Amino acid sequence: MVSAPTPDATPLALSLRDISKRFGATQALDRSTLNVRRGTLHALLGENGAGKTTLMRLAFGMAKPDTGTIQVDGQLCVWRSSADALRAGVGMVHQHFLLVPAMTVAENISLGRGGMFSGFDPRAAAERVAALVAETGLAIDPTARAGELPVGAQQRLEILKALSHDARVLILDEPTAVLSPQETQDLYAWLRRFVESGRTVVLITHKVREALQIADDITVLRRGRTVLQVPAKDASEIEVLAALLGEATTLTAPHVRTPAHLSAVPVLTVDDVRVRDSRGTDRLKGVKVRVFGGEILGVAGVEGAGQLELLRVMAGRCAPYAGSATRPAQIGFVPEDRHRDAVIGAWTLVENFALKDAGTASGTLAWRGYAARAEAGVRTQDVRTNSVHNSMASLSGGNQQKFVLARELEGAPAALIVENPTRGLDVRAASQVLDALRAARDAGVAVVIHSSDLDELFSVSDRMVVCFAGTVRDVAVDRHAVGRAMVGLT
Amino acid sequence: MTTHTERRSHSWRQLLPPVVVAAAVVGVIVLVIVAGHHDIAQSFQAFWRGSFGSAYAFWSATLVRATPLTLLGLAVALAFRSGVMNIGAEGQFLAGASAASALALSGIGGTLVLWVAVPAAILAGALWAAIAGWLRRRFGVLEVISTLMLNFVAQYLVSYLVRGPLQEPTHVYPQTETFSTSAHLPLLISGQRLHFGYAIALVLALALWWMFRSTALGFRLRAVGAGPAAAASAGHVVVPRVMFTAFLLSGAIAGLAGGVEVTGVTYALYEGISPGFGYTAIAVALLARLHPLAVIGTGIFFGALEAGAAAMQRDAGVPFQFVAVVEALVVLGVIALEWSRSRGEVRP
């Protein structure tokens with residue numbers, strides 16, 4: 001299966017051969033190979049933990065391979081650091097952005113250039129960045145502070161940072177995970193133009209359909225090994241999924257909507273709710289939503305349309321300045337930024353389980369009770385770990401998310417609010433998470449989900465509403481109708 | 001077989017950084033002594049005599065020094081674990097010492113004056129920290145700056161008190177008169193200078209360890225320190241309120257340290273009452289990795305260091321300031337160790 005590089009004679013921009021890398025007891029990469037033709041968009045697919053990110057970190061000089069060779073434009077390279085890789089024309093945009101929030105766009109791009117004692121001329125930097133913006137067509141204000149930019153713009157800034165080093169090979173790690181559908185389309189269109197100008201892109205992703213649509217070539221990693229290298233036009237979705245999952249996997253059958261047993265009265269009601277952000281802009285302009293027990297309400301919306309504020313009002317994490325929201329006493333909440341808002345990585349699973357009571361507990365804590373509850377949660381949601389006394393950080397993203405779900409579903413809450421629950425998860429974990437939502441719905445819980453992945457919303461929602469510019473509208477569970485509503489058309 | 005060698009190389013690698021750091025610290029100490037043209041053997045002998053070399057050195061020098069360092073180390077460890085960067089233990093110590101002195105001299109409470117003076121010290125320390133806590137909560141002023149600045153305010157407050165309202169009756173010396181014996185903490189061992197304050201420090205270390213491990217309050221404090229956003233979102237913790245509590249508790253302990261020092265050791269208030277205990281306490285807490293029980297050990301370590309250094313200055317002429325060099329090295333060493341540890345854990 002690990003076959004000779006390329007069928008045609010296009011020279012290779014990036015070639016990684018027989019790369020192995022070990023972290024402690026884990027063999028992260030096992031003689032894996034990646035050949036990227038110049039001027040193409042190459043998708044690197046794999047489940048979480050398959051070694052995609054590790055392989056690209058090696059290609060970018062962030063670590064050294066134990067064995068194997070790295071070639072850029074046919075030249076054998078041994079990186080001492082990322083600076084070497086940048087100099088050789090390899091740039092990388094990480095999944096978790098590496099920006100200085102307090103600095104402007106121009107300052108972020110200029111960071112790390114020049115010697116220790118060379119001066120910094122803000123105006124020259126701004127001009128250089130403006131030129132770069134014009135040249136690349138990535139719209140961004142050079143004087144804006146990085147921390148105040150929306151996620152999509154932060155990502156454009158990361159790309160600009162890489163390009164400012166004249167990157168000829170651009171590696172992007174799960175770039176669409178944080179983007180709205182429209183932003184994703186824009187990014188893909190831009191990447192296409194970028195490779196047509198003769199440069200090269202490696203896209204780390206786990207979205208098979210998107211990869212097949214946009215990429216020229218596809219490489220699939222499984223458990224650190226290269227298991228499939230094909231041109232995208234020759235590959236089928238089933239074939240790629242089979243390589244990805246490593247077993248004769250049938251695609252999850254399209255979700256059959258079971259006639260739901262709805263509760264007689266709504267579990268959650270939001271009436272004329274208005275929410276204002278710290279800058280004084282109204283994010284929700286008097287919205288009205290009812291959610292019944294036994295249904296999954298899908299909330300769609302482009303970034304900043306008010307869907308996150310709506311979910312947070314429902315979850316009791318955001319106070320409206322006008323209107324009212326009635327909530328059940330017990331409510332589960334799965335925030336989109338798991339590392340920041342849901343768990344504490346350095347803590348054990350037991351401590352993270354007890355975290356849900358941190359604000360309300362008094363006196364002493366019954367650790368044995370929490371250990372038993374954490375064990376029970378780990379069992380019900382199939383969290384893979386050998387002990388509940390392991391640290392949260394030792395779990396994979398998918399297992400962390402299943403753990404959060406277990407914690408939030410414990411004690412039979414009447415409602416469950418989830419934001420982008422499968423973001424960054426591999427195919428298997430994502431489907432387990434969605435199954436858990438369906439199971440909760442079947443048990444009578446009122447489930448509200450927002451996802452920037454519309455396919456996911458359609459697969460799981462019984463009913464949908466769309467947020468647009470701070471208003472909320474009921475929409476049929478129909479791709480066309482939702483798409484129109486998301487851009488404000490009726 | 002592979003796992004066996006792996007485990008061994010693993011533990012060997014874990015052991016290496018502390019050994020390197022310890023060797024570097026000793027190396028620099030030797031360098032400082034040699035650079036000052038002092039006799040190394042004589043210096044180390046003096047150091048040993050002053051710290052552990054005799055029962056008197058241990059009970060009456062090392063542990064007496066360790067008492068404020070342990071209490072203040074606990075104050076700093078509590079704050080740091082709760083995500084509050086209180087580097088104002090020095091100022092809170094002085095506030096506590098001032099309040100205790102004022103009450104000890106006032107004679108309020110008669111023979112039970114200690115039962116008034118020591119609680120007053122606790123209260124004064126908490127209030128001093130509450131200023132920084134309020135500034136943080138109301139205006140978002142970073143406590144690193146406000147607590148540090150308040151240290152200087154406290155220092156000048158002590159200067160004012162010992163030259164003004166609390167000055168001894170002859171108005172010659174910038175200090176208070178000596179407290180009456182009813183305001184002296186009892187001694188722990190007859191014939192030694194070690195006082196009841198050290199017992200308080202030990203009990204408090206145990207209490208804080210238990211609080212962080214078993215109580216809801218300790219858990220909240222830890223949650224706010226380890227992940228404020230997760231504590232607020234997943235745990236419904238009112239983060240600003242819990243942080244304010246951490247300010248109060250940390251300040252209260254530092255104030256207690258001040259009260260204990262004036263009623264247990266000096267029996268009077270004067271300007272140089274703290275040779276930077278509050279700053280050394282940061283090293284005490286960091287070296288203990290913010291663990292309350294480990295603070296007992298690092299408190300003794302730094303107590304011995306200061307007691308030994310005092311003897312070195314007396315007998316070998318090595319300037320006492322060399323302690324500051326060692327403390328700085330320890331802080332840098334701890335940071336280097338944390339860095340090497342976290343670097344070893346980096347995984348994609």
Side-chain angles (χ1 to χ4, degrees), chain A residues 21-26 28-29 48-49 51-58 62-63 94-96 173 312 315-318 331-335 337-347 351-367 370 391-394 404 407-408, chain B residues 1-14 80-83 140 142 207 209-243 245-246 289-291 338 341-348:
Chain A
K21 179 74 183 175
R22 208 179 166 78
F23 292 105
T26 319
L29 290 170
N48 276 4
K52 313 181 291 271
T53 301
T54 305
L55 186 61
M56 288 301 97
R57 286 164 65 100
L58 298 178
M62 296 176 76
H94 298 274
Q95 186 177 5
H96 301 287
D173 190 357
R312 273 158 198 242
R317 260 69 173 189
C318 166
I331 192 160
F333 178 51
V334 181
D337 193 338
R338 184 171 58 243
H339 299 293
R340 200 191 62 176
D341 293 332
V343 297
I344 294 174
W347 281 13
E351 286 173 309
N352 271 289
F353 206 93
L355 189 58
K356 71 186 282 190
D357 294 343
T360 49
S362 61
T364 57
L365 296 172
W367 283 116
Y370 282 115
S391 80
M392 184 54 86
S394 71
V404 173
R407 180 182 71 194
E408 298 301 315
Chain B
M1 198 196 81
T2 44
T3 52
H4 185 64
T5 48
E6 241 169 47
R7 196 172 302 144
R8 263 176 53 180
S9 71
H10 194 60
S11 67
W12 164 230
R13 233 182 297 158
Q14 272 186 330
F80 282 17
R81 279 194 84 171
S82 313
L142 288 181
W209 169 73
W210 175 78
M211 180 191 81
F212 276 124
R213 204 181 71 103
S214 300
T215 70
L217 172 65
F219 187 61
R220 265 195 287 283
L221 290 170
R222 276 203 292 145
V224 166
S233 177
H236 305 279
V237 173
V238 186
V239 174
R241 190 188 298 161
V242 173
M243 282 185 98
T245 309
R289 303 195 65 204
L290 311 184
H291 193 292
E338 293 290 329
R341 196 174 287 130
S342 67
R343 217 171 79 109
E345 277 167 14
V346 166
R347 281 220 39 205

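Each chain gets a letter, A, B and so on, in the order the sequences are listed, and its residues count up from 1. In this text, all values refer to a predicted model and were calculated from it rather than measured experimentally.
- A/Arg340 touches chain B through backbone and side chain together, each having a heavy atom under 4.5 Å away.
- The closest side-chain heavy-atom distance from B/Phe219 to A/Asp357 is not below 4.5 Å.
- Contact count versus chain B (heavy atoms, under 4.5 Å) is highest, among A/Gly363, A/Ala342, A/Ser362, A/Ala346, for A/Gly363.
- Rounded to the nearest 0.5 Å, atoms NE2 (B/His236) and CG (A/Leu355) are 9.5 Å apart.
- Contacts between A/Glu351 and chain B at a heavy-atom distance below 4.5 Å involve backbone atoms as well as side-chain atoms.
- Comparing A/Val334, A/Ile344, A/Asp337 by heavy-atom pairs within less than 4.5 Å of chain B, the highest count is held by A/Ile344.
- Contacts between A/Ala315 and chain B at a heavy-atom distance below 4.5 Å are absent for every atom of the residue.
- With a 4.5 angstrom heavy-atom cutoff, A/Arg407 touches chain B only via side-chain atoms.
- Closest approach of B/Thr215 to A/Leu365, counting heavy atoms only: O-CD1, 3.9 Å.
- In terms of heavy-atom pairs under 4.5 angstrom with chain A, the leader among B/Ala229, B/Ala230, B/Gly218 is B/Ala230.
- Of the possible donor and acceptor atoms, one in the side chain of B/Arg220 sits under 3.5 Å from a partner among the backbone N and O of A/Ala361.
- Heavy atoms closer than 4.5 Å to chain A are found in the backbone of B/Arg213, but not in its side chain.
- With hydrogens and angles ignored, the 3.5 Å screen pairs no side-chain donor or acceptor of A/Trp347 with any backbone N or O of B/Ala223.
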